[in-house]
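Working notes, beginning with the structure itself.
Note on naming: letters A, B, ... go to the chains in the order of the sequence lines (proteins, then strands), and numbering restarts at 1 for each one.
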Amino acid sequence: MGKRLEIITQQRLEKVRKLRERGIDPYPNAYHRTHTAQEARSLFESGEADPASQVSIAGRVTALRHMGKATFLDLRDGSGKIQAYFNKTQIGPERHELVKDLDLGDFVGVQGVLFKTHTGEMTVNVSDFTILAKSLEPLPEKWHGLVDVEKRYRQRYLDLISNQSARDTFLARSRTISAIRRFLDGRGFIEVETPVLQQMAGGARARPFTTHHQALDEDFYLRIATELYLKRLIVGGFDKVYEIGRIFRNEGISTKHNPEFTTLESYEAYADYNDVMRMLEEMVAQTAQSVLGTTKVSYGDLTLDFAPPWKRITLRDAVLQTSGIDFEVSLKAGPESLRRVMQEKGLQLDDTMSPAYLFDKLVSTYVEPTLIQPTFLIDYPVETTPLAKTKSDNKAIVERFEAFAVGMEFANAFTELNDPEEQAARFTIQEEWRKQFGDEEAEQYQEDFIQAMEYGMPPTGGLGVGIDRLVMLFTNQQSIREVILFPQLKTA
RNA sequence: GGGCCGGUAGCUCAGUGGAAGAGCACCUGACUUUUAAUCAGGGUGUCGCGGGUUCGAAUCCCGCCCGGCUCACCA
């Protein structure tokens, strides 16, 4: 800590001491306000307020203008900002001394009548006030706000105090999640919670975090998806379930990846991936409408339109159009043939890449960059998706879609595989890849899950949505850290 | 993990070998309708950390830490 900062803090601690000496608690327990800043504003603008009626409002001092015997300060609460006016004649010389000791960042409660100044600013004419919390540290600068990205992430509260745009982004995030809940609740889905600590982490291709339970003396994984437990609930007879929750993947950190992130997963009995596609379109469009007031969303130089229907293209056609590779033809000649064709295109592949990796590579290299407007990529090779059901007329292709915008995947869904014998066979293939290719992210054989399938699961459409990424799209943010309040950073 | 860029006052930033700076914030004083208030005065610093080169280093070199972008990997 620099010496200047220490001096400022010392000065403010001295003010705290003086307040206590005068019998004033610098940190009282509560303050009962009658209005938020916004409510007071509406009350006044509506013209229905009795001009003599008192309001009390509380907030943080974000600007302070002393003018001799008069003082103006800006108070900000969760609803917005309002100006307060202190006049020495009105509050008395003794109280006026306290006003002079107020600092930027302090919390105060003010009581008085509302009026408009000569310059038209709605203001509380303060007759009484209460210090609610002294601030000991100087706030970031008022004009430029807090710019330092590292500080904005590590001390997000300063970002929120200083930058309206940060407040707007996280408010939009909150409203997005609320709107999604309303949408699903309105459709008869019930929200559930499933374990984060799992003996086997499944439902996605990813490396898990490990942890340890002391009393059981047993290692656990943090979940990488909510899928396998939610499907057990479909078996249990809840026809429509969803979970919005944190999942954890022990992988690289980037502008599009945080080690912990939030997904929505929903499962609907008697539905297939076509039903889910229609639902997702509607859900995202309604959510955008509700949060942003429009389905046309600015993103960088682009305008994304989430109004249904979104473009649909099969993975095969998309890969063919963008790379000239027809993987169905190649696959008929075996996975090695596909690897050879891809290598001929100049793709860097090594022998440890399982077929699932090969498709990932194809899609990420050729297809994803072309998917700007909201687009469904549909019908994936069975090798890529061990938990999805194949098409009734083509056992090589599963009924799966992923939704993209600006080249970024934000949803993944399929008609769920509910044949226990086939599921067992698919897990077995995954286990073989784990051995053959050293593919640590291959699904593990999950006996308990198979057993659930054996009791019978109805035809089911499942959906996963990356909430953080959806919020990025809605709030025009290029980095996932801008939509996560406390993103993962190295220890400073 | 690789490449590129960055870290100077509480905040936002100048400063590329020769006395550490500006604006805001802060402190002192003036000011009873200001609002990026104004006016007069005051600089409060481990130049990210550690070595090295040099008469002299914020500046040049080496190593390390943290961050941003990007590539790799993933969603």
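Here the separation of B:U16 from B:G48, taken at their P atoms, is 15 Å to the nearest Å. Taking atom P in both B:C13 and B:G18, one finds a spacing of 25 Å when rounded to whole Å. Nucleotides B:C66 and B:C60 place their P atoms 23 Å apart, quoted to the nearest Å. Atom name P, nucleotides B:C4 and B:U53: the rounded distance is 26 Å, in whole Å. Going from the P atom of B:U38 to that of B:A25 covers 8 Å, rounded to whole Å. B:A58 and B:G21 are spaced 13 Å apart, taking the P atom of each and rounding to whole Å. B:A14 and B:U70 have their C1' atoms separated by 28 Å, with the value rounded to a whole Å. Taking the P atom of each, B:G1 and B:C64 are spaced 11 Å apart, rounded to whole Å.
Closest to the side chain of A:Leu104, out of B:A75, B:C26, B:C69, is B:C26. In the set B:C66, B:U32, B:U70, B:U70 carries the atom at the smallest distance from any side-chain atom of A:Thr255. Distances from the side chain of A:Arg154 to the nucleotides B:G67, B:U32, B:A75 place B:G67 closest. Relative to the side chain of A:Glu150, the nucleotides B:C66, B:U33, B:U44 differ in distance, and B:C66 lies closest. Here the side chain of A:Glu121 is nearest to one of B:U34, B:C66, B:U33, namely B:U34. When the nucleotides B:A37, B:G67, B:A75 are ranked by their closest atom to the side chain of A:Arg65, B:A37 comes out on top. Closest to the side chain of A:Ser254, from the set B:U32, B:G67, B:A72, is B:A72.
Within the 4.0 angstrom heavy-atom criterion, only backbone atoms of the sugar-phosphate kind lie near A:Glu409; the bases stay farther away. Across all strands, A:Ile247 comes closer than 4.0 Å to no nucleic acid atom at all (heavy-atom distances). Backbone-only contact: A:Leu489 has heavy atoms under 4.0 Å from sugar-phosphate atoms and none from a base. Among the atoms of the strands shown, base atoms are found under 4.0 Å from some heavy atom of A:Arg469. In this structure, A:Lys142 reaches the sugar-phosphate backbone alone: every heavy-atom distance under 4.0 Å involves primed, P, OP1 or OP2 atoms, never a base. When heavy atoms are screened at a 4.0 angstrom cut-off, A:Lys15 is found touching the sugar-phosphate backbone but no base atom. As judged by a 4.0 angstrom heavy-atom cut-off over every strand, A:Lys81 is placed among residues making no nucleic acid contact. A:Phe115 comes within 4.0 angstrom of a nucleotide base, judged by non-hydrogen atoms across all strands. Within the 4.0 angstrom heavy-atom criterion, no nucleotide atom of any strand lies near A:Thr71. A:Ser162 comes within 4.0 angstrom of nothing in the nucleic acid, heavy atoms only. Residue contacts for A:Arg152: at a heavy-atom cut-off of 4.0 Å it reaches no nucleic acid atom on any strand shown. Within 4.0 Å (heavy atoms only), A:Thr263 reaches no atom of the nucleic acid at all. Nucleic acid contact class of A:Lys151 (heavy atoms, under 4.0 Å, all strands): sugar-phosphate only. Using a 4.0 Å heavy-atom distance criterion, A:Asn125 is classed as making no nucleic acid contact.
For A:Glu137 and A:Arg12, the salt-bridge test fails: no basic side-chain N is under 4.0 Å from an acidic carboxylate O.
With a cut-off of 3.5 Å on both pairing distances, the Watson-Crick or G-U wobble partner of B:G21 is B:C13. With a cut-off of 3.5 Å on both pairing distances, B:G56 has no Watson-Crick or G-U wobble partner at all. Nucleotide B:G1 forms a pair with B:C71, judged by Watson-Crick or G-U wobble geometry with both contacts under 3.5 Å.
If you take OH of A:Tyr157 and C1' of B:G10, they are 13 Å apart, rounded to a whole angstrom. For A:Arg205 and B:A75, the CZ to P distance is 7 Å, given to the nearest whole Å. Between the NZ atom of A:Lys69 and the P atom of B:U34 there is a distance of 17 Å, given to the nearest Å.
In this model, no donor atom of one side chain and acceptor atom of the other lie less than 3.5 Å apart for A:Ser56 and A:Gln111. Using modelled atom types, one finds no donor on one side chain facing an acceptor on the other under 3.5 Å when comparing A:Gln38 with A:Arg41. A donor-acceptor pair shorter than 3.5 Å cannot be found between the side chains of A:Thr226 and A:Glu243. Side-chain atoms of A:Arg173 and A:Thr262 include a donor-acceptor pair closer than 3.5 Å.
Below the 3.5 angstrom threshold, one finds a donor paired with an acceptor across the side chain of A:Gln83 and the base of B:U34.
Under a cutoff of 6.0 Å and an axis angle of 45°, A:Arg434 and A:Tyr445 do not form a cation-pi pair. Under the 6.0 Å distance and 45° angle rule, A:Arg312 does not count as a cation-pi partner of A:Phe401.
With sequence neighbours excluded, the residues that form a salt bridge (Lys or Arg N to Asp or Glu O under 4.0 Å) with A:Glu402 are A:Arg400. In this structure A:Lys15 satisfies the salt bridge (Lys or Arg N to Asp or Glu O under 4.0 Å) test together with A:Asp103, sequence neighbours excluded.
Under the stacking definition used here (centres under 5.5 Å, planes under 30°), the residue A:Phe261 qualifies as stacked on the base of B:A75.
When each of A:His66 and A:Arg481 is assigned the nucleotide of RNA chain B bearing its nearest heavy atom, the one mapping closer to the 5' terminus is A:His66. Heavy-atom nearest nucleotides on RNA chain B were determined for A:Gln11 and for A:Ala70, and the one closer to the 5' end corresponds to A:Gln11.
Of the listed residues (A:Glu268, A:Glu265, A:Arg181), just one forms a side-chain contact (heavy atoms from CB on, under 4.5 Å) with A:Tyr242, and that residue is A:Arg181.
Note: A:Tyr380 and A:Phe359 fail the aromatic proximity criterion, with ring centroids not under 6.0 Å apart.
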Contacts under 3.5 Å, N or O only, protein and nucleotides 12-15 of chain B:
residue : atom : partner  : partner atom : Å
B:U12   : OP1  : A:Val147 : N            : 2.9
B:U12   : OP1  : A:Asp148 : N            : 2.7

